[in-house]
Novice: 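Take this structure, written in structure tokens, and hold onto it; I'll ask about it next.
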Amino acid sequence: AVELNPVLQPLSWLLGTWESDEPGEGTFPSIKPFRYTEKLHFSHVGQPVINFMFNAFHAESNKPLHRECGFIRIQQGTNRVAFIIAQNSGLVEIEEGELTSNQLKLQTQSLGRISFAKEPHVQQISRVFQLRPDGKLEQTVSMATDNHPLTQHLHIIYSRSSG
Ligand code: HEM
């Protein structure tokens with residue numbers, strides 16, 4: 001195995017594979033509430049960068065839905081973290097924020113989308129990753145669209161999985 005770049009030590013708790021044990025809850029004022037499952041993979045190749053893939057599925061049909069992948073960087077010697085994200089919906093995003101012990105809070109710093117992205121357009125995303133005392137990982141995502149201010153869209157809890 002490649003040795004972890006020491007710059008990543010503060011984020012090493014993210015590394016590995018995570019899978020929702022209970023389906024997550026999706027909500028937004030303009031949509032019907034839904035349930036989904038999701039697998040997260042965080043890996044590294046020795047660079048001061050984490051590579052990630054998030055793959056979500058419909059809880060009942062198992063049909064692939066939302067997918068995101070990208071890179072995570074931390075500014076050396078600080079608690080400043082950046083996510084560089086591509087989403088299958090045609091959105092690309094930089095999210096930045098801060099790491100405080102086992103919590104990572106991020107929000108959109110810049111956002112781009114394909115010319116034919118579905119409406120309503122997302123205008124802002126904020127999310128929190130929390131490593132809980134029981135060893136589970138929790139993610140909460142809020143978004144603002146053309147039609148609604150920042151409101152929760154996703155909440156899900158993952159357990160470590162073997163792959
Ligand atoms: C709906 C954005 C992650 C499932 C939506 C809508 C937007 C959006 C803009 C339309 C809201 C409206 O019509 O007013 C995002 C963003 C995500 C994300 C920015 C990540 C940061 C996910 C994930 C799932 C998911 C992980 C899991 C399956 C859905 C579903 C709908 C929806 C089922 C309703 C039906 C539809 O419009 O396709 N999302 N979403 N989303 N999202 Fe997400």
Side-chain angles (χ1 to χ4, degrees), residues 11 13-43 49-74 79-100 102-132 135-163:
L11 287 171
W13 52 274
L14 274 178
L15 289 168
T17 301
W18 299 86
E19 191 169 353
S20 51
D21 33 23
E22 301 284 319
E25 302 133 32
T27 52
F28 207 63
S30 42
I31 66 173
K32 220 176 85 192
F34 63 92
R35 283 149 52 91
Y36 69 105
T37 61
E38 191 171 39
K39 283 187 189 175
L40 312 183
H41 303 273
F42 298 93
S43 62
V49 181
I50 290 176
N51 310 305
F52 74 85
M53 291 188 287
F54 297 173
N55 297 324
F57 304 85
H58 190 277
E60 281 81 39
S61 69
N62 228 19
K63 195 179 109 173
L65 290 172
H66 190 84
R67 299 170 89 84
E68 353 181 358
C69 62
F71 304 97
I72 304 171
R73 304 194 60 123
I74 181 162
N79 63 347
R80 185 126 205 102
V81 174
F83 275 48
I84 303 140
I85 308 172
Q87 305 194 10
N88 62 349
S89 53
L91 206 62
V92 296
E93 233 204 316
I94 307 289
E95 289 181 21
E96 290 196 16
E98 282 177 2
L99 173 67
T100 44
N102 289 336
Q103 179 174 281
L104 193 49
K105 255 192 183 155
L106 303 154
Q107 47 189 313
T108 304
Q109 293 301 308
S110 70
L111 192 149
R113 65 175 63 84
I114 59 173
S115 59
F116 49 97
K118 203 169 143 190
E119 294 187 346
H121 288 166
V122 181
Q123 298 299 347
Q124 174 78 28
I125 297 168
S126 79
R127 57 178 115 199
V128 180
F129 292 93
Q130 172 95 45
L131 182 65
R132 309 190 330 170
K136 294 187 182 198
L137 180 66
E138 185 170 1
Q139 184 181 191
T140 308
V141 177
S142 298
M143 67 178 172
T145 64
D146 296 334
N147 307 328
H148 293 283
L150 203 61
T151 307
Q152 186 169 311
H153 183 37
L154 307 163
H155 177 254
I156 190 164
I157 296 166
Y158 316 90
S159 293
R160 278 200 180 278
S161 93
S162 47

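In each ligand, atom 1 is the first atom listed, and ligand 1 is the first ligand listed.
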Novice: Between the main-chain N or O of R67 and the side-chain N or O of N88, is there a donor-acceptor pair closer than 3.5 Å?
Specialist: yes
Novice: Can you pull every nitrogen or oxygen pair between ligand 1 and the protein closer than 3.5 angstrom?
Specialist:
unit_1	atom_1	unit_2	atom_2	d
ligand 1	14 (O)	S30	OG	2.4
ligand 1	39 (N)	H153	NE2	3.0
ligand 1	40 (N)	H153	NE2	3.1
ligand 1	41 (N)	H153	NE2	3.2
ligand 1	42 (N)	H153	NE2	3.1

Novice: Are the side chains of I125 and I85 in contact, using a 4.5 Å heavy-atom criterion?
Specialist: no
Novice: Taking the six-membered ring for Trp, are Y158 and F54 ring centroids under 6.0 Å apart?
Specialist: no
Novice: Specify the closest pair of heavy atoms between S20 and I156, including all atoms of both residues, with the distance to one decimal.
Specialist: CB-CD1, 3.5 Å
Novice: If we ignore hydrogens and angles and just use 3.5 Å, is the side chain of N79 paired with the main-chain N or O of L99 as donor and acceptor?
Specialist: yes
Novice: S159 and D21: which non-hydrogen atoms are nearest, and at how many Å?
Specialist: OG-OD2, 2.5 Å
